[in-house]
Amino acid sequence: MTTRRATCSCGQLVLTAEGEPIRISICHCLACQQRTGSAYGVQARFPRGAVRIEGRSTQYVRTADSGHQVTFNFCPECGSTVYYQLDQLPDAIAVPVGAFADPSFPPPTISIYEARRHAWAGVPERAEHHD
Ligand SMILES: [Zn+2]
Ligand SMILES: [Zn+2]
C-alpha cells in the first residue's frame with residue numbers, strides 16, 4: 001500500500017497517510033486563497049483511520065459558507081496547515097496537497113468555487129466543475 005508523508009515547512013508537524021485519497025479537489029474560494037497565500041487550494045481527503053499525526057499543532061476554526069465548521073491544524077512554529085477536518089465529515093481528514101511536496105501526487109478530480117477562479121489559473125480538463 002502507498003504511504004505518503006505530509007509535513008509543515010519546518011518539519012515539526014508530520015502526517016502519514018496510508019493508501020489512496022478518497023477525494024482530491026482544487027478550490028478557488030477566497031478563504032482557500034487567504035489560507036494558502038496562493039491563488040487556490042488543492043486538498044486530498046483520507047479516511048481518518050488511514051492517517052497518523054505526530055507533532056504539535058494549533059487549531060483555527062472557521063465557519064464555511066455552508067454554515068459548517070472547518071478546523072485547521074497548523075504548526076505553531078512555522079504556520080503551515082498540515083491537515084483539517086470538516087465537522088460534518090468526522091471520519092475524514094483533509095490534507096493540503098502541497099504539504100506532501102510530491103509533484104507526482106494524483107491530480108484533482110473536482111474543481112469547486114470556479115466563480116472565484118483567477119482567470120489564468122487552469123484546472124485539469126477531466127475534473128468535475130462547480131461554480
Ligand atoms: Zn512547522
Ligand atoms: Zn476553498
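Order of listing sets the numbers, starting from 1, for every ligand and every atom in it.
- For the side-chain contact (heavy atoms from CB on, under 4.5 Å) with Arg35, the lone residue among Val70, Thr81, Leu30 that qualifies is Thr81.
- Applying side-chain contact (heavy atoms from CB on, under 4.5 Å) to Val42 and the options Pro108, Pro107, Cys27 leaves one that passes, Pro108.
- For Arg5, the CZ atom is loosely surrounded, since the number of other residues' heavy atoms within 6.0 Å does not exceed 12.
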Side-chain donor-acceptor pairs of residues 56-64 under 3.5 Å, sequence neighbours excluded:
unit_1	atom_1	unit_2	atom_2	d
Arg56	NH1	Glu77	OE2	3.3
Arg56	NH2	Glu77	OE2	3.4
Gln59	NE2	Asn73	OD1	3.0

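- Between the side chains of Glu114 and His129, a donor-acceptor pair is found at a separation under 3.5 Å.
- For OH of Tyr40, the number of neighbouring non-hydrogen atoms (other residues, nucleotides, ligands) closer than 6.0 Å is 12 at most.
- For the Zn ion (ligand 2), protein N, O or S atoms under 2.8 Å: 3 in total.
- Not counting sequence neighbours, the partners of Glu20 by the salt bridge (charged side-chain N to carboxylate O under 4.0 Å, His left out) test are Arg4.
- In this model, no donor atom of one side chain and acceptor atom of the other lie less than 3.5 Å apart for His28 and Gln33.
- Residues Ala17 and Val51 share a closest heavy-atom pair of CB-CG2, 4.3 Å.
- Neighbours of the Zn ion (ligand 1) restricted to protein N, O or S atoms under 2.8 Å: the count is 4.
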